[in-house]
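Below is one structure, written out as structure tokens; the observations come after it.
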Amino acid sequence: MFVLVNLKAYPCDPIEVATAAADVSDDSDVRIAVAPQAAQIDAVADTGVETWAQHVSPNEHGSHTGSTLAEAVADAGAVGTLLNHSENRLKLADIDASLDAADRADLETIVCANNPNQIGAAAALGPDAVAVEPPELIGTGTPVSQADPDIVTGAVDAASRVDGDVDVLCGAGISSGEDLVSASDLGATGVLLASGVAKADDPRAALEDLVEPLN
Ligand SMILES: O=C(CO)COP(=O)(O)O
């Protein structure tokens with residue numbers, strides 16, 4: 001299983017989370033990556049944890065003030081990027097161009113989507129993976145695998161009909177090892193999560209709890 005911890009814009013200590021994630025990943029068989037704010041990618045990557053960007057712009061180098069270039073996040077140490085997160089939705093043409101930008105910079109890609117229909121469309125754009133996250137469950141602590149398991153199995157079906165090489169992750173409300181096992185049972189190869197770790201009093205304990213059933 002792949003666990004991608006999205007720190008969003010939460011006021012957590014990204015280095016504390018990154019260091020814990022690197023250690024817990026090393027001590028388990030679970031691939032764990034952290035997606036911090038763009039300005040913190042460099043420092044987070046220095047901890048040795050697998051580091052992702054939360055977004056990259058569709059632009060190349062040029063007159064694009066405020067852009068987050070794929071080349072820049074890769075230079076800072078990111079190895080992948082989320083795209084089209086529910087809190088940072090993109091137009092279809094921009095998802096496509098951001099995927100091209102990520103390819104140019106050799107970044108792995110996960111395109112997020114709300115539901116199985118959107119997952120099919122996202123998979124058709126050729127990312128490495130897609131992630132289904134029902135927006136109404138994000139940040140609630142109620143896991144998608146429990147509240148709406150059909151969304152996960154529907155996403156797995158939709159992606160495999162379009163392109164069997166595209167991995168499917170799920171996210172929203174995931175915080176425990178039990179949630180991770182349920183996601184895997186439903187056919188997901190990984191999870192996206194945020195508040196369960198970024199808002200935890202003890203992020204290391206939260207990560208250890210998460211991977212415990214897989215060890
Ligand atoms: O949006 C998410 C991950 O990208 C999910 O957020 P929560 O884990 O806080 O529900």
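As the structure is a prediction and not an experimental result, all values here were calculated from the model. Each ligand, and each atom within it, is numbered from 1 in the order the structure gives.
In this structure, Gly173 counts as a contact residue of ligand 1, since one of its heavy atoms falls inside 4.0 Å of the ligand. Using 4.0 Å as the threshold, Ala172 has a heavy atom nearer than that to some atom of ligand 1.
Nearest non-hydrogen protein atom to atom 9 (O) of ligand 1 is Ser195 OG, 2.4 Å. Here the heavy atom of the protein found nearest to atom 8 (O) of ligand 1 is Ala194 N, 2.8 Å.
Side-chain contact check for Ser176 and Asp179: at least one donor-acceptor pair (N or O, by modelled atom type) lies under 3.5 Å. With 3.5 Å as the limit, one finds a donor-acceptor pair spanning the side chains of Ser67 and Asn59. Of the N and O atoms on the side chains of Gln54 and Trp52, not one donor lies less than 3.5 Å from an acceptor on the other residue.
Under a 4.0 Å criterion applied to the non-hydrogen atoms of Leu193, ligand 1 contributes the atoms 8 (O). Ligand-side atoms of ligand 1 in range of Lys8: 1 (O), 2 (C), 5 (C), 6 (O), range being under 4.0 angstrom from any heavy atom. Residue contact check: His85 has heavy atoms under 4.0 Å from atoms 1 (O), 2 (C), 3 (C), 4 (O) of ligand 1. Here is the list of ligand 1 atoms found below 4.0 Å of a heavy atom in Gly139: 7 (P), 9 (O), 10 (O). Contact atoms of ligand 1 toward Glu133: 1 (O), 2 (C), 3 (C), 4 (O), 5 (C) (distance under 4.0 Å to a heavy atom of the residue).
Remark: side-chain polar atoms of Thr109 are paired, donor with acceptor, to backbone N or O of Asp128 under 3.5 angstrom.
With salt bridges taken as basic N to acidic carboxylate O contacts below 4.0 Å, one links Glu60 and Arg104.
For Ile138, heavy-atom contacts with ligand 1 shorter than 4.0 Å involve the backbone as well as the side chain.
The only option from Asp167, Asn84, Val166, Leu82 that meets the side-chain contact (heavy atoms from CB on, under 4.5 Å) definition with Ile110 turns out to be Leu82.
Val5 is listed as a side-chain neighbour of Leu193, based on a closest heavy-atom distance under 4.5 Å.
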